[in-house]
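Right, one structure below, let's go through it.
Here the structure is a predicted model, which means the values were calculated and not measured.
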Amino acid sequence: MIGPVLGLGALGLFFGFALAFASQKFAAETDPKVEAITESLPGANCGACGYPGCSAFAEAVAKGETSVDGCTPGGKTTAQEIAEILGVSHDESEESYVAEVACLGGRDHCKEQFDYDGVQDCRAAMMYSNGFKACEYGCLGLGTCEEVCPFDAIEMQDNGIPYIDPEKCKGCNKCVNICPKQVIRMINTKTEHHVRCNSLDKGKVVKKVCEVGCIGCGICAKLCPVDAITIENNLASIDSHECINCGKCKEKCPQDCITSDLEYTTN
């Protein structure tokens, strides 16, 4: 009886040592820089960096395959931390961007060409005659962007236009990429005034379908003291690097489609 017990004990010790040796011999080496970089990231796994997750981005930036400021949600602070971990310099940008809905045409201001009672998803609604909005460039307002936001920065308003909280938005671009109307864009946080329209139709067409759409009249461009506004394809655009936030464009816009930050939620 003692013999088999000792035999089993010996086998157990043998395999125990064998497993311990194998774990040491064949263990995958982990780059401590990758671990440090991973810990410095927000951990949102939002994919804004172009990689499938934070770990993949950490490995890529440690190998020099992408830049230290590739994590948009982490912003400048994370970029600086990564630069210090890698021992490289970081040319810190003073600019930051958040998402904005370039449309004010909610239910009260923009006509609809038919009643839609299908799947409550903007992409699905687009399959029916390019959407139910009379303006083919307008926000459909079914909340697809709200559902995809990993930071709870988007909330649908009663008028059917989403509100994006600039304090919560991390600029990950997920809402920008999923919007089938391409009506969500990234804006420079330094610029206070924005043209909240996406229509490329001529003014006469815009007026027929929307009360607050840009008609490309050019009044804003003529009044701008620093030539920061241009009209292209019937749509006004404000250059964030030239704008001095004087507000003259907003004051004279006949369509009220230029808003300031304080009026972001109004419509």
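- Of the possible polar contacts, one joining the Thr144 side chain to the Cys122 backbone as a donor-acceptor pair under 3.5 Å is found.
- The same ILVMFWY cluster, assembled from side-chain heavy atoms under 4.5 Å apart, contains both Val119 and Phe114.
- Without hydrogens or angle criteria, Asp69 side chain to Ala79 main chain gives no donor-acceptor distance under 3.5 Å.
- Clustering ILVMFWY residues whenever any of their side-chain heavy atoms sit less than 4.5 angstrom apart, transitively, puts Tyr116 in the very cluster that holds Met126.
- The cluster map of Ile, Leu, Val, Met, Phe, Trp and Tyr, joined by side-chain heavy atoms under 4.5 Å apart, puts Ile231 and Leu223 in different clusters.
- Here the closest non-hydrogen pair linking Ile238 and Thr191 is CG2-CG2, 4.5 Å.
- Using a 4.5 Å cut-off on side-chain heavy atoms (C-beta onward), Tyr51 and Thr66 make contact.
- Side chain of Asp165 to backbone of Ala153: no donor-acceptor contact under 3.5 angstrom is found.
- Side-chain contact between Val68 and Val61 is present, with heavy atoms from C-beta onward closer than 4.5 Å.
- Here the side chains of Ile82 and Ser40 are in contact, with some heavy-atom distance below 4.5 Å.
- Shown here for Pro42 and Thr78, the closest heavy-atom pair between the two residues is CD-OG1, 4.5 Å.
- Of all the heavy atoms in Met156 and Pro162, the pair that sits closest is SD-CB, 3.6 Å.
- Contact check for Ile229 versus Val195: no side-chain heavy atoms found under the 4.5 Å cut-off.
- Taking every heavy atom of both residues into account, Val148 and Lys174 meet most closely at O-CD, 3.8 Å.
- Side-chain atoms of Asp239 do not come within 3.5 Å of backbone N or O of Asp227 as any donor-acceptor pair.
- Two residues are said to be in side-chain contact when any heavy atoms from C-beta on lie closer than 4.5 Å; Thr259 and Lys250 fail this criterion.
- Here the CD1 atom belonging to Ile178 is positioned 12.5 Å from the CG atom belonging to Asn173, to the nearest 0.5 angstrom.
- Grouping Ile, Leu, Val, Met, Phe, Trp and Tyr residues whose side-chain heavy atoms lie under 4.5 Å apart, directly or via other members, places Ile215 in a hydrophobic cluster with Val206.
- Around the CD atom of Gln120, the shell of radius 6.0 Å holds more than 12 heavy atoms that belong to other residues, nucleotides or ligands.
- One finds a salt bridge joining Asp121 and Arg123 here, because a Lys/Arg side-chain nitrogen approaches an Asp/Glu carboxylate oxygen to under 4.0 Å.
- For the side-chain contact (heavy atoms from CB on, under 4.5 Å) with Val176, the lone residue among Glu100, Met186, Arg185 that qualifies is Met186.
- A donor-acceptor pair is defined here as one N or O able to donate and one able to accept, closer than 3.5 Å; such a pair exists between the side chain of Lys111 and the backbone of Lys208.
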* CA sep, side-chain torsions, deciding dist, call: Leu86, Ile37, side chain to side chain contact (heavy atoms under 4.5 Å, CB included) -> CA-CA 9 Å; Leu86 297 177; Ile37 293 171; 3.9 Å; yes
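- Between Cys257 and Cys214 there is a side-chain heavy-atom pair separated by less than 4.5 Å.
- Under the 4.5 Å side-chain heavy-atom criterion for ILVMFWY residues, a single connected hydrophobic cluster contains both Val183 and Tyr97.
- Atom-to-atom distance recorded for Lys181:NZ and Leu140:CG is 5.0 Å, nearest 0.5 angstrom.
- In plain terms, the two heavy atoms of Asn198 and Gln182 that are nearest each other are ND2-O, 3.6 Å.
- Hydrophobic clustering (side-chain heavy atoms under 4.5 Å, transitive across Ile, Leu, Val, Met, Phe, Trp, Tyr) groups Ile154 together with Ile161.
- Between Arg196 and Val101, the shortest heavy-atom distance links the atoms NE-O, 2.6 Å.
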* **Lys207/Gln255 under side chain to side chain contact (heavy atoms under 4.5 Å, CB included): CA gap, chis, key distance, verdict** => CA-CA 9 Å; Lys207 280 192 169 184; Gln255 292 294 101; 4.0 Å; yes
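- A distance of 10.0 Å separates CD of Glu167 from OG1 of Thr189, quoted to the nearest 0.5 Å.
- Between the side chain of Asn45 and the backbone N or O of Cys54 there is at least one donor-acceptor pair closer than 3.5 Å.
- In this structure, NZ in Lys248 is found 12.0 Å from NE2 in His193, a value given to the nearest 0.5 Å.
- Between Ser199 and Cys210 there is no side-chain heavy-atom pair separated by less than 4.5 Å.
- For the atom pair CD of Gln80 and CD1 of Ile85, the computed distance is 10.5 Å after rounding to the nearest 0.5 Å.
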Please report, to 0.1 Å, the donor-acceptor pairs under 3.5 Å made by any side chain of residues 128-139, with sequence neighbours excluded.
residue	atom	partner	partner atom	Å
Lys133	NZ	Gly105	O	3.0
Lys133	NZ	Cys139	O	2.3

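- Proximity of Ser237 to Glu232: side-chain heavy atoms (C-beta onward) are nowhere separated by under 4.5 Å.
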* **Test side chain to side chain contact (heavy atoms under 4.5 Å, CB included) applied to Glu59 and Glu65, step by step** => CA-CA 9 Å; Glu59 292 182 10; Glu65 296 175 353; over 6 Å; no
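- At most 12 non-hydrogen atoms from other residues, nucleotides or ligands lie less than 6.0 angstrom from CD of Glu155.
- Other residues sharing the hydrophobic cluster of Val226, ordered by chain and number and joined by side-chain separations under 4.5 Å: Ile244.
- A distance of 8.0 Å separates CD1 of Ile219 from SG of Cys253, quoted to the nearest 0.5 Å.
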